[in-house]
Amino acid sequence: MAPPQPGPSAEPPPLIRYAGNPILTREMWPYPINSVFNAGAVLMADGDTLLLCRVEDRSGLSHLCAARSANGVNEWRIDSKPTLMADPREFPEEIWGIEDPRITYVPELEQYAVAYTSFARGGPGVSLALTKDFRSFERFGVIMPPEDKDAALLPRRIGGRWALIHRPMTTLGAHMWISYSPDLRHWGSHKVILEARRGGWWDANKIGLCSPPIETEKGWLMIYHGVRQTASGSIYRLGLALFDLERPDVCLERGDSWMFGPEERYERDGDVKDVVFPCGQTIAADGDTIHLYYGAADSSVALATSSIRALLAWLDAHSSSGDGHGL
Ligand code: BMA
């Protein structure tokens, strides 16, 4: 019999799973928890990778906890207690916990900006905090009221104003928006930048930013999730889009197919089945190698590697240039 011919699936995948996945699990935690997932990520000045993880405790509410590692892969040093807890006395909108942090280093402020979800009675909203060291935080409270989430700050001002990508729920659907601010507190000039597709698409009806946008020569590279509703639940997969560097509301390219989805057991089984959900990445000193950290099935943290070059090449090969983007 002739050997099987390589099919279209033989092309190299743009993201490679780390063989030792998952890299953070609840068994590793220094205090009792239910699950650890959806972690923001940053490469610190001392070379450590810091993951700010969403940790769900055994009341069902989430807080954030930092884990540090010299190589970003193993030997994690986990804070012995929660790093950032909800503070519903000062911030009533955090009454049901805080979730899904996205971290951006902002050179102008010499601080990290952490955009996270605060779970209020009115639903999820976007909150912001600044920190230099992930030990003390300046909290800004809610900057986008419910229902809104999946937010990250761009690392520099665009046309003199700060820019935030986020995902409000509106009667028009769950699309990605950009908003601008002079001071990180007052936000306006809201605009849709990427719409969920419709019908049978993998990213129909609900999309949202994953990790913070990556600045490349060709534009802001954004990894986003698409949520496919099926008869047996939702499937969270990852897609790619590119936006103009000085006009981040302008989408230059959008992939047609998803580039990464739940396949391994730790992604398919867990508290929420069939979820891959990155909230952070680090870029190595070569300016190209990416470590993407993602929540797997709302139960653990996993790692996939890639490169800016590979993602841009994948996007070129998988985007159709129609401006309707299949809507
Ligand atoms: C989204 C967010 C994520 C979660 C995902 C799958 O809406 O709440 O925190 O990982 O659902 O449950």
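Read the numbers this way: they start at 1 and go in the same order the structure lists the ligands and their atoms. Residue numbers count from 1 along this sequence.
With respect to atom 12 (O) of ligand 1, the closest heavy atom belonging to the protein is Asp298 OD2, 2.7 Å. Among protein heavy atoms, atom 3 (C) of ligand 1 sits closest to Asp100 OD2, 3.3 Å. Nearest protein heavy-atom contact of atom 11 (O) of ligand 1 is Tyr236 OH, 3.1 Å. In terms of protein heavy-atom proximity, atom 8 (O) of ligand 1 is nearest to Lys149 NZ, 3.1 Å.
Tracing side-chain contacts under 4.5 Å through hydrophobic residues (I, L, V, M, F, W, Y), one never reaches Ile23 starting from Tyr266; they form parts of separate clusters.
Nearest heavy-atom pair across Ser189 and Tyr180 is O-CD1, 3.6 Å. Across all non-hydrogen atoms, the minimal contact from Ile33 to Arg58 is O-NE, 3.2 Å.
Side chain of His190 to backbone of Ser179: no donor-acceptor contact under 3.5 angstrom is found.
No more than 12 heavy atoms of other residues, nucleotides or ligands lie within 6.0 Å of CZ in Arg247, so this atom counts as exposed by the packing criterion.
Taking any N or O of Asn38, backbone or side chain, at least one lies under 3.5 Å from an N or O belonging to ligand 1. Taking only nitrogen or oxygen atoms, main chain and side chain alike, Glu99 does not reach within less than 3.5 Å of ligand 1.
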